[in-house]
Protein chains: 2
Amino acid sequence: MDIRSEFGQRIRELRARSGISQEMLSFRSGLDRSYLSSVERGERNISIVNIEKIAAALQVSIGYMFDGERFSATPAYQPKEFTIPFLERFKYKLDNEKKILAFSVSGLLTGNDVEYMDSILMGICSAFGKGELTLFVDHREMKALDGEPAVYSPEVAEKAVLFQRNLLRYNRRAIVLCNSEFQVQQLNHVTQESGIPSTHLFGQDKEVIGRAYQLLNINGNELIKMQTD
Amino acid sequence: MDIRSEFGQRIRELRARSGISQEMLSFRSGLDRSYLSSVERGERNISIVNIEKIAAALQVSIGYMFDGERFSATPAYQPKEFTIPFLERFKYKLDNEKKILAFSVSGLLTGNDVEYMDSILMGICSAFGKGELTLFVDHREMKALDGEPAVYSPEVAEKAVLFQRNLLRYNRRAIVLCNSEFQVQQLNHVTQESGIPSTHLFGQDKEVIGRAYQLLNINGNELIKMQTD
DNA sequence: ATGTGACTGAAAGTCCGTC
DNA sequence: CGACGGACTTTCAGTCACA
């Protein structure tokens with residue numbers, strides 16, 4: 001396949017995983033919507049300056065645009081997705097002894113969901129001193145209905161920055177288990193803006209949780225467990 | 001820095017590591033020499049089709065052009081480099097019991113050097129049957145005078161393909177320790193052409209040799225040893 | 001919300017040189 | 001070998017209206 005078509009397909013994939021329209025990507029990249037449309041269809045020999053703009057709008061490195069994992073182009077954010085209430089998809093647990101606040105999310109996140117998590121978790125944190133806690137986050141089940149990983153939509157990513165800034169007051173750092181290399185890339189951007197020292201891990205379940213336990217200097221966690229198979 | 005300058009600098013680096021001139025790169029990529037010059041100087045907003053041509057000419061993936069490790073732009077292939085005779089930079093050892101043929105090279109390689117290795121190693125192999133041996137190659141010391149890794153020049157890469165085709169008759173597969181991600185990329189191209197099933201490893205000494213021993217199902221090798229520190 | 005054809009000015013890219 | 005320039009052709013970026 002021609003590199004122009006491949007690249008176009010790639011944008012389409014990543015855009016679908018982010019749950020945004022061509023119009024939104026147009027706004028975020030500063031490129032014309034109909035121009036982006038023709039790029040996605042492989043009809044343009046796009047230049048490096050515009051490649052950079054698109055990568056920035058999708059919050060990935062340029063290299064990831066070419067060598068990264070591939071996805072389907074099915075839109076991740078579907079209305080049906082929200083039939084299961086967020087309350088049932090959001091779990092959290094405080095380990096008072098080890099000073100670890102763990103939480104996990106499955107499925108997709110809206111901006112409201114982030115604000116809800118914010119209020120709940122800040123309520124817990126407020127019982128602690130500055131930088132006393134460590135966050136342990138599990139995003140591995142943040143998947144769309146098609147079973148493929150979903151990342152934050154741009155709207156959600158912006159709320160996540162504010163959310164993380166709040167958490168930063170009580171939490172020294174964060175360890176986050178990711179659902180894809182894409183999410184690692186995106187969270188690198190988000191945490192760079194929020195300022196929270198964060199490690200984003202992606203890989204096989206066993207090795208990724210082993211690595212997280214190692215970083216946290218613990219042997220287990222009641223919420224985020226190693227699979228026993 | 002502007003993406004156009006960054007990309008230009010990147011080409012210059014990789015070209016220097018490969019030891020080829022703008023003229024040679026022009027010939028191999030099919031792009032005009034004066035055009036390549038202006039791209040390297042960051043004066044062009046190069047398009048994706050030409051980016052692909054350059055990546056192919058440098059034998060790396062497009063993603064590696066953007067996210068890969070960085071080098072100085074000092075030319076790797078200097079005349080002085082060859083003051084130490086190849087005989088002293090080429091070591092080999094046959095493990096008759098484990099059926100492993102190991103060899104290592106330090107410094108740069110010329111086309112003649114490859115032909116010399118070919119004759120020596122084929123002499124050894126001819127005592128064995130088809131696919132009876134396994135190759136274990138150490139390229140970690142293939143460095144230029146500036147101490148930075150060097151890869152095969154295109155001329156050498158072509159001879160390496162022929163060399164490997166010969167070896168393929170007696171060797172089932174090859175494990176190669178590399179000096180850089182760049183060399184991994186390049187050897188992926190070379191071995192794809194020669195057809196020899198090959199694994200190219202790059203990383204910290206301990207982990208890379210450990211991995212190699214694991215792949216070879218051995219606990220040690222007289223030529224290629226783990227550092228004891 | 002996206003696909004498409006048509007259009008223009010700007011820039012990419014080629015080919016010829018000189019230094 | 002590489003920087004740089006001039007003159008030339010081709011193509012991309014960017015924007016429409018319309019389906």
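Chain letters run A, B, ... following the sequence lines, proteins first, then strands; residues in each count from 1.
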Novice: Hey, what do you get for CD (Glu148(B)) to NZ (Lys143(B)), rounding to the nearest 0.5 Å?
Specialist: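 Interatomic distance, Glu148(B) CD to Lys143(B) NZ, rounded to 0.5 Å: 9.5 Å.
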Novice: Can you tell me the distance, in whole Å, between the CD atom of Gln9(A) and the C1' atom of dT2(C)?
Specialist: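 Result: 15 Å.
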Novice: Leu25(B) CG to dA3(D) P: how many Å, rounded?
Specialist: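 Taking CG of Leu25(B) and P of dA3(D), I get 12 Å after rounding.
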Novice: Show which side-chain atoms of residues 150-161 of chain A pair as donor or acceptor with protein atoms under 3.5 Å away, not counting sequence neighbours.
Specialist:
from	atom 1	to	atom 2	distance (Å)
Tyr152(A)	OH	His139(A)	NE2	2.7
Ser153(A)	OG	Val156(A)	N	3.4
Lys159(A)	NZ	Glu115(A)	OE2	2.8

Novice: Is Arg173(A) atom CZ crowded by more than 12 heavy atoms from other residues, nucleotides or ligands, each under 6.0 Å away?
Specialist: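 Yes.
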Novice: It should be established whether Asn50(A) places a side-chain nitrogen or oxygen under 4.0 Å from OP1 or OP2 of nucleotide dC12(D).
Specialist: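 Checking dC12(D) against Asn50(A), no side-chain N or O comes under 4.0 Å of OP1 or OP2.
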Novice: Tyr64(B) and Phe66(B): ring-ring contact (aromatic ring centres under 6.0 Å, His included), yes or no, with the steps?
Specialist: CA-CA 5 Å; Tyr64(B) 180 77; Phe66(B) 294 96; over 10 Å; no
Novice: Among the nucleotides dG2(D), dA3(D), dT15(D), which one has an atom lying closest to any side-chain atom of Asp32(A)?
Specialist: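 Out of dG2(D), dA3(D), dT15(D), the nucleotide with an atom closest to Asp32(A)'s side chain is dT15(D).
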Novice: Pick base, sugar-phosphate or nothing for Arg4(A), based on heavy-atom distances below 4.0 Å to the nucleic acid.
Specialist: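 No contact.
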Novice: Verify whether one side chain among Gln164(B) and Ser194(B) offers a donor that lies under 3.5 Å from an acceptor in the other.
Specialist: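 Checked: Gln164(B)/Ser194(B) side chains pair up, N/O donor to acceptor below 3.5 Å.
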Novice: Could you identify which residues of residues 33-48 of chain B place a heavy atom less than 4.0 Å from some atom of DNA chain C, listed by residue number, or say none?
Specialist: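 Listed by number, they are Arg33(B), Ser34(B), Tyr35(B), Arg44(B), Asn45(B), Ile46(B), Ser47(B).
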Novice: Could you tell me whether Glu6(B) atom CD has more than 12 heavy atoms of other residues or ligands within 6.0 Å of it?
Specialist: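 More than 12 heavy atoms, drawn from other residues, nucleotides or ligands, come within 6.0 Å of this atom.
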Novice: Checking all strands, does Arg15(B) fall into the base, sugar-phosphate, or nothing category for heavy-atom contacts under 4.0 angstrom?
Specialist: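 Sugar-phosphate only.
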Novice: Lys53(B) NZ to dA12(C) P: how many Å, rounded?
Specialist: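 Going from Lys53(B) (NZ) to dA12(C) (P), I get 16 Å.
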Novice: In this structure, how many angstroms lie between the P atom of dA12(C) and the CD1 atom of Ile51(A), rounded?
Specialist: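 So the two atoms are 14 Å apart, to the nearest Å.
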